[in-house]
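These notes are about the structure you will find just below.
We count ligands from 1, going down the list as the structure has it; atoms in each ligand are counted the same way. Numbering starts at 1 and runs along the sequence shown. What you are looking at is a predicted structure, and each value in this text was computed from that prediction instead of being measured.
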Amino acid sequence: MGFQTTAPFDDQRPGTSGLRKAVTVFRQANYLENFIQATFDCLPGLAGATLVIGGDGRYYNSAAVQTILQMAAANGVARAVVGRCGILSTPAASHLIRKRGALGGFILSASHNPGGPDGDFGIKFNGTNGGPAPEALTEAFYARSRVIDSYRIRDGADINLDRLGEALAGPMVVEIIDPVADYAALMAEIFDMAAIRTLFAGGFRMVFDAMSAVTGPYATEILENRLGAGPGTVINGTPLEDFGGHHPDPNLVHAAELVAMLSGAGAPDFGAASDGDGDRNMILGRDFYVSPSDSLAVLAANARHVPHFRGGLKGIARSMPTSQAADRVAADLGICCYETPTGWKFFGTLLDAGRISLCGEESFGTGSDHVREKDGLWAVLMWLNILAVRRLSVAELVREHWQTYGRTFYGRHDYEGVATDGANALMAELRAGLAALPGTGLGGRAVASADDFSYLDPVDGSRSERQGVRIGFADGSRIVYRLSGTGTSGATLRVYLERYEPDPARHEVSASEALADLAALAAEYAGIVRHTNRTNPDVVT
Ligand code: VG1
Ligand code: CO
C-alpha cells in the first residue's frame with residue numbers, strides 16, 4: 001500500500017462519453033492513475049463500497065483493469081465485480097451496477113474508435129444508477145485531476161482475471177463473473193423469447209456482425225444458443241485487441257461486409273451490427289437500410305408488442321440532432337418527446353424519474369429504461385420480437401411506418417480529423433450569424449428558427465449550453481452543425497440534415513437524393529471548404 005506522486009495532466013476533461021485518448025497518451029507515466037485517483041477523491045462513500053469494472057477488451061484493457069484494482073484496494077473499496085478477462089459490454093456493465101447496488105463502475109472503452117497499440121483507449125465512470133456520471137461530477141473529476149499530487153496504489157501481484165470466482169487484492173474481494181450471464185437473463189425478462197425462437201424455427205435467417213468487438217460472446221449465447229438462430233449467425237464473433245484492424249463502428253461504411261451479405265435475392269431476412277463496446281446497433285433488412293432515427297420511431301410505434309412495454313410507453317427522448325420522426329409517434333401516442341443534447345447521460349435523469357421508457361440517438365444508439373446506457377443487442381432483440389409478432393419483413397414494417405407518419409429523410413455528414421482552428425472558426429461564424437437568420441431565406445428556403453441549442457434538464461435543473469447550431473426551415477427541414485466530443489485527433493465536424501416528406505408517392509428515393517439540395521446548402525452556408533479544406537465528408541450515414 002503506498003502513495004505515489006503525480007503531476008496534473010491538462011487534457012483530462014471527459015468528453016461526451018468519458019475520457020478518450022490515444023493508447024500512447026494513456027500509457028504516459030501516472031496518466032491513468034491520476035484520472036482514477038481524481039475520480040475516487042470525488043466519490044463520497046467509496047470506503048467499503050462495491051465497484052464494477054470491465055471493458056470492451058481492446059488493447060490496454062487488461063493492464064488498466066489491474067491498475068484500477070490495486071488502486072481501488074488502496075482506496076478502501078470492499079468489493080470489485082469484474083467480467084472474466086476484464087470483459088463487459090457497456091450495457092452489461094450498466095446492468096451489473098444496478099443489479100449489485102454498486103456505488104458505480106469503470107467502463108473501459110473508446111467505443112467505435114479503432115483499437116490496438118496505435119489506436120484509442122477510453123475510460124468513464126458510471127454512477128449508482130448505472131449511467132454515465134452527470135456533467136457536474138465529470139467537471140469535479142477534471143478539477144481534481146488538475147491539482148492532484150499523489151495517488152494511492154497497492155503493490156500487489158496481478159489478479160488472475162481468467163478464473164471465475166473470488167480472489168483477494170489485500171483486503172478487497174475481487175469477484176470474477178461470467179460477463180454474459182446476468183445480461184442474458186435480463187433480456188429473457190424483457191422479450192418474448194418463445195416468439196423469437198418460433199420465428200427462427202420457421203426459417204427466418206439473420207446475420208449479426210460483432211465486428212471483432214465485445215458483443216461476440218453475448219450475441220453467440222443469446223442468438224445462437226438460446227434463440228436457435230443457426231450456427232454462423234454471428235460473424236466476427238471473437239473479441240480482438242485491435243478489432244482485426246477495423247473500425248468497430250456499425251454503419252454503412254465500416255460494416256460494408258455485412259451490408260454486402262444483406263443484398264441480393266438469397267440474402268438473409270435480417271442483418272445487424274454492434275460497435276466496440278456493444279452499445280450501438282445498425283439494423284438492416286434484405287436490401288434495406290433502417291436509419292437509426294427511423295429505428296427509434298418504428299420501435300416506439302410497435303413497442304406494445306414487447307412484453308416489457310405492454311403497459312405502454314411513459315415518454316420518449318431523442319438527442320437534438322436525431323430526426324423528428326419519433327416526435328410524430330409520441331404525438332400520436334399522446335406522450336411527451338424530450339429533446340436532449342448529444343450523449344446518453346442526458347437520458348439518465350429522465351429514465352430515473354420515470355418520464356421516458358425509450359430513447360435514442362441518430363448515431364446508431366437506442367435504449368430503454370432497462371439499463372442506463374444505449375444497448376446494441378437489446379435493440380436487435382426489440383426488432384426481432386416485433387418482427388416475430390407482426391410477421392412483416394423489415395422493409396414492409398418501415399414502409400408501413402412511413403405510410404402512417406410520413407417519411408423523414410435523414411443524413412449525417414462527418415468531416416473527420418480537420419484542423420481544430422478551422423473547425424472552431426466555422427462554428428464561431430455560424431454562431432455569430434444566428435441572430436440575423438430567422439425570417440430570411442437560405443438557398444430559396446424560408447428560415448423559421450435558428451439557435452445554438454441549450455438544454456434545461458427538467459428533472460435536476462442543470463443547464464447545458466452551446467450544444468449545436470440548428471437552423472429550422474419553414475417546410476420542417478433542418479440543418480444542424482456541431483463538433484464531435486469523442487474524436488481524438490484534430491476536430492470532427494458533424495452536419496446533420498433532415499427533410500420531412502408526408503407524400504407516400506415520394507418516399508421511394510434514396511436519402512442522399514432527397515437531401516442533395518440541403519447538403520449543398522449546408523456546406524455552402526457554413527463555408528466548409530473554406531474552413532476545413534475538404535470538399536466532401538469522410539463518412540455519410
Ligand atoms: C458520438 C455520437 C453520440 C454518442 C457518442 C458516444 O459523439 O455522435 O451520439 O452519444 O458518440 O457514443 P460525438 O460527440 O462524437 O458526436 V459511444 O457508442 O462512442 O459511447
Ligand atoms: Co459505443
Q.
Pair Arg20, Asp120 - check salt bridge (Lys or Arg N to Asp or Glu O under 4.0 Å), show working.
A. CA-CA 7 Å; Arg20 213 172 270 195; Asp120 290 336; over 6 Å; no
Q: Kindly indicate, with the supporting measurements, whether the criterion side-chain contact (heavy atoms from CB on, under 4.5 Å) is fulfilled by Phe26 and Tyr60.
A: CA-CA 9 Å; Phe26 265 101; Tyr60 201 56; 4.0 Å; yes
Q | From CA spacing to verdict: salt bridge (Lys or Arg N to Asp or Glu O under 4.0 Å), Glu339, Arg318 | A | CA-CA 5 Å; Glu339 184 176 36; Arg318 62 164 173 85; 3.1 Å; yes
Q | Steps toward salt bridge (Lys or Arg N to Asp or Glu O under 4.0 Å) verdict (Asp11, Arg13) | A | CA-CA 6 Å; Asp11 62 348; Arg13 185 191 292 273; over 6 Å; no
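Within the listing of ligand 1, atoms 8 (O), 13 (P), 15 (O), 16 (O) sit less than 4.0 angstrom from a heavy atom of Arg494. Proximity to Ser111 (heavy-atom distance under 4.0 Å) selects the following atoms of ligand 1: 17 (V), 18 (O), 19 (O), 20 (O). The Asp275 neighbourhood of ligand 1 comprises atoms 18 (O), with distances under 4.0 Å to a heavy atom of that residue. Counting the atoms of ligand 1 from 1 in the order shown, those under 4.0 Å from a heavy atom of Gly343 are 10 (O). Numbered from 1 in the order shown, with element, the atoms of ligand 1 that lie under 4.0 Å from a heavy atom of Gly485 read 13 (P), 14 (O), 15 (O). Close contacts of ligand 1 with His112, meaning ligand atoms under 4.0 Å from a residue heavy atom, involve 19 (O). Of all atoms in ligand 1, numbered sequentially from 1 with element shown, those under 4.0 Å from a heavy atom of Glu361 are 3 (C), 4 (C), 9 (O), 10 (O). Within the listing of ligand 1, atoms 3 (C), 9 (O) sit less than 4.0 angstrom from a heavy atom of Thr342.
With a heavy-atom cut-off of 4.0 Å, Ser484 touches ligand 1 through backbone and side chain alike. Counting heavy atoms under 4.0 Å from ligand 1, residue Arg412 touches it through the side chain alone. When non-hydrogen atoms are compared, ligand 1 lies under 4.0 Å from the side chain of Arg20 (C-beta onward) but not from its backbone.
A side-chain donor-acceptor contact under 3.5 Å links Glu429 and His531. Ser510 and Ser512 share a side-chain donor-acceptor pair at under 3.5 Å.
Of the options Lys345, Met320, Glu373, Arg280, the smallest heavy-atom separation from atom 11 (O) of ligand 1 is shown by Arg280.
Between the Asn61 side chain and the Gly86 main chain, a donor and an acceptor come within less than 3.5 Å of each other.
Gln28 CD: more than 12 foreign heavy atoms inside a 6.0 Å radius.
No side-chain heavy atom of Arg463 sits less than 4.5 Å from a side-chain heavy atom of Tyr455.
Between Tyr496 and Tyr410, the two ring planes are tilted [angle within 30° to 60°].
Protein N/O/S atoms closer to the Co ion (ligand 2) than 2.8 Å number 4 in this structure.
Taking Ala522 as the reference, Ile479, Tyr481, Val495, Leu497 meet the side chain to side chain contact (heavy atoms under 4.5 Å, CB included) condition, with sequence neighbours excluded.
Salt bridge annotation for Glu498-Arg478: present, with a cationic side-chain nitrogen under 4.0 angstrom from a carboxylate oxygen.
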